[in-house]
Student: 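Okay, here's the structure, questions in a sec.
In this text the structure is predicted, and so the values were computed from the model without any measurement.
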Amino acid sequence: MRPETWPQMLAAYLAQARATGFVWGRHDCVLFGANWVRELTGTDPLKGYRGRWSSARGAARVIAGLGAPLGDLVADTLTAAGFEEVPPARAGRGDIVLGDMTRGLTVGIVGDHRACFLTEDPRVPFAFLEPRRCARAWRIV
């Protein structure tokens with residue numbers, strides 16, 4: 001179950017993410033989603049993988065070494081952690097989504113009515129999609 005204060009937690013988390021910006025290996029799209037899951041549930045979907053990349057090339061090397069595309073790795077990790085995959089149109093606030101953005105599939109979090117995705121542009125920290133336009137989604141408790 002989500003803590004009673006989860007809406008406030010989500011608002012604070014998204015505000016902090018906006019202020020932090022995109023940093024490979026510290027605050028990139030995968031860590032954006034994983035850190036939210038960890039904060040909300042105490043389950044770290046990236047346990048054992050943190051600190052293994054610090055650049056786009058390093059992230060690509062880690063993903064390649066795991067032998068599957070990012071979308072499949074995210075799906076396998078979240079499913080193994082016990083989170084239910086749902087149709088993207090049913091994704092709600094606080095859920096994790098995969099959206100097809102300019103660089104391919106990217107991990108995002110559903111905010112109020114849109115899914116938020118980190119961008120590498122500090123002037124525009126988030127890109128948005130309607131959840132129903134996302135490729136996949138998981139209910140986070």
Side-chain angles (χ1 to χ4, degrees), residues 1-3 5-141:
M1 290 196 40
R2 291 181 180 187
T5 59
W6 77 265
Q8 295 87 351
M9 292 170 64
L10 178 61
Y13 184 79
L14 293 175
Q16 177 187 7
R18 180 183 297 273
T20 301
F22 190 102
V23 181
W24 283 106
R26 287 198 358 232
H27 196 249
D28 53 42
C29 72
V30 171
L31 289 164
F32 174 58
N35 290 344
W36 169 242
V37 171
R38 183 178 65 180
E39 185 166 322
L40 185 64
T41 69
T43 298
D44 186 358
L46 286 184
K47 186 176 181 178
Y49 295 101
R50 291 177 182 276
R52 293 182 57 190
W53 67 91
S54 60
S55 65
R57 180 177 286 156
R61 201 173 12 247
V62 170
I63 291 167
L66 294 170
L70 177 64
D72 292 344
L73 294 170
V74 170
D76 292 347
T77 300
L78 290 173
T79 300
F83 301 112
E84 174 190 10
E85 186 166 1
V86 297
R90 289 188 44 222
R93 287 179 67 205
D95 290 341
I96 298 293
V97 293
L98 284 174
D100 195 359
M101 307 305 276
T102 56
R103 295 184 104 187
L105 284 181
T106 303
V107 178
I109 301 168
V110 179
D112 284 334
H113 300 289
R114 303 175 294 175
C116 305
F117 299 87
L118 284 179
T119 75
E120 294 182 65
D121 184 345
R123 296 167 298 159
V124 183
F126 287 139
F128 301 97
L129 279 178
E130 293 177 32
R132 67 181 177 80
R133 296 190 61 213
C134 292
R136 297 178 83 173
W138 291 265
R139 177 95 47 231
I140 305 302
V141 185

Student: Any non-hydrogen side-chain atom of Val74 less than 4.5 Å from a side-chain atom of Arg136?
Tutor: no
Student: Would you say Cys116 and Leu14 make side-chain contact, with heavy atoms under 4.5 Å?
Tutor: yes
Student: Does Arg114 CZ have over 12 foreign heavy atoms under 6.0 Å away?
Tutor: no
Student: Hey, is the main chain of Gly94 close enough, under 3.5 Å, to the side chain of Trp36 for a donor-acceptor pair?
Tutor: yes
Student: With rounding to the nearest 0.5 Å, note down the distance linking CG in Leu40 to OG1 in Thr5.
Tutor: 9.0 Å
Student: Please name all residues satisfying salt bridge (Lys or Arg N to Asp or Glu O under 4.0 Å) with Glu39, sequence neighbours left out, ordered by chain then number.
Tutor: none
Student: How close do Arg93 and Gly111 get, counting heavy atoms only, and between which atoms?
Tutor: CG-O, 2.9 Å
Student: Under 4.0 Å between a side-chain nitrogen and a carboxylate oxygen: does that hold for Asp28 and Arg52?
Tutor: no
Student: Nearest 0.5 angstrom please: Leu78 CG to Asp95 CG, how far?
Tutor: 10.5 Å
Student: Would you give the length of the straight line joining atom CG of Leu31 to atom CZ of Arg50, rounded to the nearest 0.5 angstrom?
Tutor: 5.5 Å
Student: Could you tell me which non-hydrogen atom of Ala137 sits nearest to which non-hydrogen atom of Ala91, and how far apart they are?
Tutor: CB-CB, 3.7 Å
Student: For Cys134 versus Pro88, what's the shortest heavy-atom pair and its separation?
Tutor: O-CG, 3.3 Å
Student: Step by step, work out the side chain to side chain contact (heavy atoms under 4.5 Å, CB included) result for Met101 and Thr119.
Tutor: CA-CA 10 Å; Met101 307 305 276; Thr119 75; over 6 Å; no
Student: Counting only heavy atoms from other residues, nucleotides and ligands, does the tally under 6.0 Å from OH of Tyr49 exceed 12?
Tutor: no
Student: Restricting to non-hydrogen atoms, name the atom on Gly92 and the atom on Val110 that form the minimum distance, rounded to 0.1 Å.
Tutor: O-CB, 3.2 Å
Student: Go through it in stages, so that I can follow the logic: the residues are Val107 and Leu98, the test is side chain to side chain contact (heavy atoms under 4.5 Å, CB included), and I'd like the CA-CA distance, side-chain angles, deciding distance and then a yes or no.
Tutor: CA-CA 5 Å; Val107 178; Leu98 284 174; 3.8 Å; yes
Student: Side chain to side chain donor-acceptor pair (under 3.5 Å): which pairs involve residues 54-78, sequence neighbours left out?
Tutor: none
Student: Considering non-hydrogen atoms only, spot the tightest contact between Phe117 and Gly99 and give its length.
Tutor: CE2-N, 3.5 Å
Student: Tell me, with the steps shown, if Ile109 and Ile140 meet side chain to side chain contact (heavy atoms under 4.5 Å, CB included).
Tutor: CA-CA 10 Å; Ile109 301 168; Ile140 305 302; over 6 Å; no
Student: Look up atom CD1 in Ile63 and atom CG in Leu70, then write down how far apart they are to the nearest 0.5 Å.
Tutor: 4.5 Å
Student: Taking the inter-plane angle between the rings of Tyr13 and Phe32 on a 0 to 90° scale, is it parallel (under 30°), tilted (30 to 60°) or perpendicular (over 60°)?
Tutor: parallel
Student: Looking at Arg18 and Pro125, what are the two nearest heavy atoms and their distance?
Tutor: CG-CG, 3.5 Å
Student: Would you say Arg2 has more than 12 foreign heavy atoms packed within less than 6.0 Å of its CZ?
Tutor: yes
Student: Does Thr41 form a side chain to side chain contact (heavy atoms under 4.5 Å, CB included) with Phe83? I'd like the steps, not just the answer.
Tutor: CA-CA 11 Å; Thr41 69; Phe83 301 112; 4.1 Å; yes
Student: Are any non-hydrogen side-chain atoms of Arg139 and Arg90 less than 4.5 angstrom apart?
Tutor: yes
